[in-house]
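Position 1 is the first residue of the sequence; numbering continues from there. Computed from a prediction, not measured in an experiment: that's the story for all the values here.
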Amino acid sequence: GESETDDKVGLVRLHEVCPNVHVMKINKRPTWSSIQEFRQILKSFDPDVVETFKAGAQYHSLYGGIGHNRHILTFYRGISRQMDYWQELKYRLKRVDVVVPNCQALHDIICKSGRVDPEKVKVIYDEIDPVCSNPDAVDATGLRAELNIPEDKLLITNLGNYSEWRGQDITLRAVKLLKDNGFDFHLLFCGKETELLHPLVSELKLEDSVTLSPYRRDPQRVLKITDILVNSSTGNESLSGALLNSQAMGIPAVASRMPGFDESVGDQETGILFPVGDAKALADSLSFFINMTDDDRSTWGSRAHKRAINMFSSKARVRRRLEVYQWAMDR
């Protein structure tokens, strides 16, 4: 992995499932020593499949695998923007047996270039956090008080790190429209660098209605206290983990009508999709849920939970991955 800090909880879980685990830290740019270390792992482990997600791992598997016995090489891609020539090149290599987009929309983007063999592009949906698959087991006692969010306020949450393309400004402008029309609720932004939204929050005079929280390692607890999840991204995402996990937790979602988001959210079934960048449409969609009774929102949430479990559970992902492995081995 590329993380600077160890995910100790994740490593404990991993060793519980599979005791024979080798953990190697890598950077995006391979070095001669890191490639040599990776080559030694390949030599000793002799895998049937090498499955890589981040760019750093992909480059290590390409360079470190040169000269070794042939194994199935699987590359993932979860970014929705169009690929340039150099990005496409690594997916076109014959050594790369399978290219895995995390949604059908991204599958179409990859195949549209005409240079990646469509036969080897296989969709495997991302999975929900297993903790979120059982909302009743999540304890968020005291979290509203910790975040200074009134207990009696309906809570709308935007879960994600700050970025210009995440459209947090669109969410704030939609909230301003709703507040000016007398709607009573609270908005929570939770993620890295959300403090950068302070100037716009002040400009719109929303200080009393908005909480900016840093990134937390317990997003399932944040979702537990949430009534409506909003994602107003304008690009660069395909399948949003926040959307998948919120629906697994039984929370209806309002999201941009972007490629991939229309697969994450069942429009008019588990949530509402609105035109990208349209603050007025976002406000209208949010008001639809705000005006609902708790029981009606719960009905939407129940459908969201059922759909998330059927499409994005660990079991569904494992089944699909095994199908793709078998296809590659049969070739």
Give the intermediate values and the outcome of side-chain contact (heavy atoms from CB on, under 4.5 Å) for residues R320 and K122. CA-CA 9 Å; R320 178 58 178 156; K122 305 293 184 185; 4.0 Å; yes
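- Under a 3.5 Å cut-off, the side chain of Q247 and the backbone N or O of S264 do form a donor-acceptor pair.
- For R29, the CZ atom sits in a loose shell: 12 or fewer heavy atoms of surrounding residues, nucleotides or ligands are nearer than 6.0 Å.
- L187 pairs with exactly one of T171, I149, T211 by the side chain to side chain contact (heavy atoms under 4.5 Å, CB included) rule, that one being T171.
- Taking the six-membered ring for Trp and thresholds of 30 and 60 degrees, Y125 and F312 have ring planes more than 60 degrees apart, a perpendicular arrangement.
- Both the sub-6.0 Å distance and the 45° axial angle are satisfied by K90 relative to the ring of Y59.
- Taking hydrophobic clusters as Ile, Leu, Val, Met, Phe, Trp and Tyr residues chained together by side-chain heavy-atom distances below 4.5 Å, L204 shares a cluster with F183.
- Separating the OG1 atom in T226 from the CD1 atom in I228 is a distance of 9.5 Å, to the nearest 0.5 Å.
- In this structure, the separation between OG1 on T270 and CD1 on I251 is 12.0 Å, given to the nearest 0.5 Å.
- By the 6.0 Å and 45° rule, R297 does not stack over the aromatic ring of W300.
- Here the CE-CG distance, from M329 to D97, works out to 11.5 Å after rounding to the nearest 0.5 Å.
- Listed by chain and number, the hydrophobic cluster partners of Y85 are W86, L89, where partners are ILVMFWY side chains within reach of under 4.5 Å, directly or through others.
- With sequence neighbours excluded, no residue forms a side chain to side chain donor-acceptor pair (under 3.5 Å) with D262.
- Both tests hold for K179 against F185: distance to the six-membered ring centre under 6.0 Å, angle to the ring axis within 45°.
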